[in-house]
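Given the structure is predicted, the values throughout are model-derived calculations rather than measurements. Basis for what follows: all heavy atoms, side chains included, without hydrogens, waters or symmetry-related copies. In this chain, residues are counted from 1 in sequence order. Remember, it's 1-based here, ligands and their atoms both numbered in the order they're listed.
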Amino acid sequence: MCGITGYIGFRDAYPIIINGLKRLEYRGYDSAGLILYDGDTIKMSKTKGKVSDLEKQVEKEISKGGNIGFGHTRWATHGVPNDVNSHPHFSESENLAIVHNGIIENYDTIKKELINRGYTFKSDTDTEVLINLIEEVKKQENVKLGKAVQIALSEVVGAYAITVFDKTKPNEFVVARLGSPIAIGIGTNNKEFFIASDASPFIEYTKNCVYLEDGEMAIIKIGRAIRVRKIQDDSLVDYSVLQLKLNLEQIEKGGYDHFMLKEIYEQPKAITDTFRGRMLVNKGLIRMAGVDDNIQKFLNAKRIIIVACGTSWHAGLVAEYLFEDIARIPVEVEYGSEFRYRNPIINEDDIVIAISQSGETADTLAAIKMAKSKDAFVFGVCNVVGSSIAREAHAGAYTHAGPEIGVASTKAFTTQITLLSLIALKLGLANGNISKTNYHTYLREMELIPKKVESLLAINDKVKYIANIYKDATNFLYLGRGFNFPVALEGALKLKEISYIHAEGYPAAEMKHGPIALIDENMPIVVIATRKGHYEKVVSNIQEIKARNGKIIAIVTQGDTTVKEIADHVIEVPETIEAFTPLLTTIPLQLLSYHIAVMLDRNVDQPRNLAKAVTVE
Ligand code: M6R
């Protein structure tokens, strides 16, 4: 977590850094800070709070001049969010400054050693320990900054993306990564460079970008091509410069009040972008290089293990239903965090599918590294191009949802399901588990999904009306069955994370094994009761809720009459194949959580305590 951005070159660094921090604020937002170097002194300003608080403080505290500087927006790990613990941090001499994203696990031992050598510490952070370690190495070994960083990093255990500046050698930055991303934007003729946790802070300045790999560091010097080295053995790396495809419009709100709402409305396009060029309906073909190139591995697989976290884990649960139903391949869905630590049995003919919007989630990344060490074939389903999970996997496919900036995942979820549906269909046809006729029916239906989602978005006002009635509830229950059980979990997660209302998702039939005790006239219960998929049984559950005076918000198929008579509110979704219902039923649940959060005056795009990319365990 945490966002880092920096600039070194000929322009005013301040506007680049402050705007960059605003774009990276999704990564963490409990405190923010920056340094500027004006050719003489390093000016630092940092504060608890948002980037907008930092902006106000800079106005009062420091002059904004200087062509060199970097900033940080924080998601606290070591040390509470306060002014002192905010980044950047100076070394003891105040010649060195650092911003850091990640955790130094052995910081305490190093700190004690440094204290014995006379160092003092202002903050509780692991980062201040790291910058003092670098300073100590530089002094003891009498080496340049780059070498000192390299030696210091080989002593630390943990994860990091760092940028370091040395006032005594002010025309360079040293950056390094292990487990947390860092992108370097390269200006024309190497006259300027940009640093950022993702490329969004510098896309209007350059499209030339180098993503450091884990275990790499770079020396960035004005007027010289960057040098990338391996931290472990100092060997030079032959890096490649990528051309960014991202544009400014994609990372702006485009007239919507919040990124989350924009991203909900982007789903018809995002789903189309996911299957565009892959699903050739007229030819009856699904083309996906990552699967095509490894088709035998997929067909020989005895089992698929899906690893993911949060919303991506819910997409994995939908995929379990898809793969087992359509391709008849057994599936296990695992939380990355549990899988990596429980010594799981992984066989050579298992396929591990890692699902991650950001491609940076630490637990998912660690899970696939562990699976690889046990010789499993790892396939990544990521949204962020060039992300760590995408690069770590043996093969994979991007969802092409476009940047998702709202912390609550929306279009990432529906595009993950879209992509996984295509894989399931491809495998189901290849291994003979679905007929050609059925396969064609699925493809034709998938092609219609974006239009159906688009028409469904017209329910926005109705959902807003329902949100207003239930916004003050303190608990919500979400129920669904089959393909829509994961949707119930996802609906509950969306409500929890952005409105801070407690919500639970359950398989509808499990209600009578416990949650039914919670039901009274104050409890809103969202029930997914589409016509396909255990409809009668869900209707019985709705009756049971009614009998206990629960308030029922039912998601039903267009034209439903039965549930309409029992439920307090119904939201209709278009008819579709059962396996694709999650792509539709999810939408009203996203809107419901969005409107409730707005009505409660929550920070929808940056809910408390959360961050978009969870790059720590
Ligand atoms: O980037 P990832 O898909 O790996 O992220 C996983 C979770 O952190 C993420 O889905 C999280 O649960 C979202 N805030 C949910 O909206």
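Using a distance-only test at 3.5 Å, with no hydrogens or angles considered, no donor-acceptor pair links the side chain of Asn484 to the main chain of Val487. Remark: the backbone N or O of His100 is paired with a side-chain donor or acceptor of His87 at under 3.5 angstrom. Panel note: side chain Lys452, backbone Pro268; no donor-acceptor pair is recorded below 3.5 Å. Proximity of a side-chain donor or acceptor of Trp75 to a complementary backbone N or O of Asn609 within less than 3.5 Å is detected.
Those atoms of ligand 1 that come under 4.0 Å of a heavy atom in Gln357, given as number and element, are 1 (O), 2 (P), 3 (O), 4 (O). Interface atoms of ligand 1 facing Ala408, defined by a heavy-atom separation under 4.0 Å, are 16 (O). Here is the list of ligand 1 atoms found below 4.0 Å of a heavy atom in Lys494: 15 (C), 16 (O). Counting the atoms of ligand 1 from 1 in the order shown, those under 4.0 Å from a heavy atom of Ser356 are 1 (O), 2 (P), 3 (O), 4 (O). Those atoms of ligand 1 with a heavy atom of Ser312 less than 4.0 angstrom away are 2 (P), 3 (O), 10 (O).
Between Arg276 and Asp273, at least one side-chain nitrogen of the basic residue sits less than 4.0 Å from a carboxylate oxygen of the acidic one, meeting the salt-bridge criterion.
Atom 8 (O) of ligand 1 has as its closest protein heavy atom Val614 CG2, 3.9 Å. Among all protein heavy atoms, the one lying closest to atom 16 (O) of ligand 1 is Glu497 OE2, 2.4 Å. Atom 15 (C) of ligand 1 has as its closest protein heavy atom Thr311 OG1, 3.0 Å. If you check which protein heavy atom lies closest to atom 12 (O) of ligand 1, you get Gly310 CA, 3.3 Å. Remark: minimum distance from atom 7 (C) of ligand 1 to any protein heavy atom is reached at Cys309 O, 3.7 Å. Atom 5 (O) of ligand 1 has as its closest protein heavy atom Thr361 OG1, 3.4 Å. For atom 1 (O) of ligand 1, the nearest non-hydrogen atom of the protein is Ser358 OG, 2.6 Å.
Side-chain contact between His314 and Val318: absent, with no pair of heavy atoms (C-beta onward) separated by less than 4.5 Å.
For Glu360, no heavy-atom contact with ligand 1 is shorter than 4.0 Å.
More than 12 heavy atoms of other shown residues, nucleotides or ligands fall within 6.0 angstrom of atom NZ in Lys551.
Considering backbone and side-chain N/O atoms, Thr364 never comes within less than 3.5 Å of an N/O atom of ligand 1.
Annotation: Phe580 is not in aromatic contact with Phe483 [ring centroid separation under 6.0 Å not met].
Checking each of Ile353, Val352, Asn294 against Phe379 for a side chain to side chain contact (heavy atoms under 4.5 Å, CB included) leaves exactly one that passes, namely Ile353.
Residue contact check for ligand 1: Val407 places a non-hydrogen atom closer than 4.0 Å to it.
Between Tyr465 and His569, the ring planes lie perpendicular to each other; the angle is over 60°, past the 30° to 60° tilted range.
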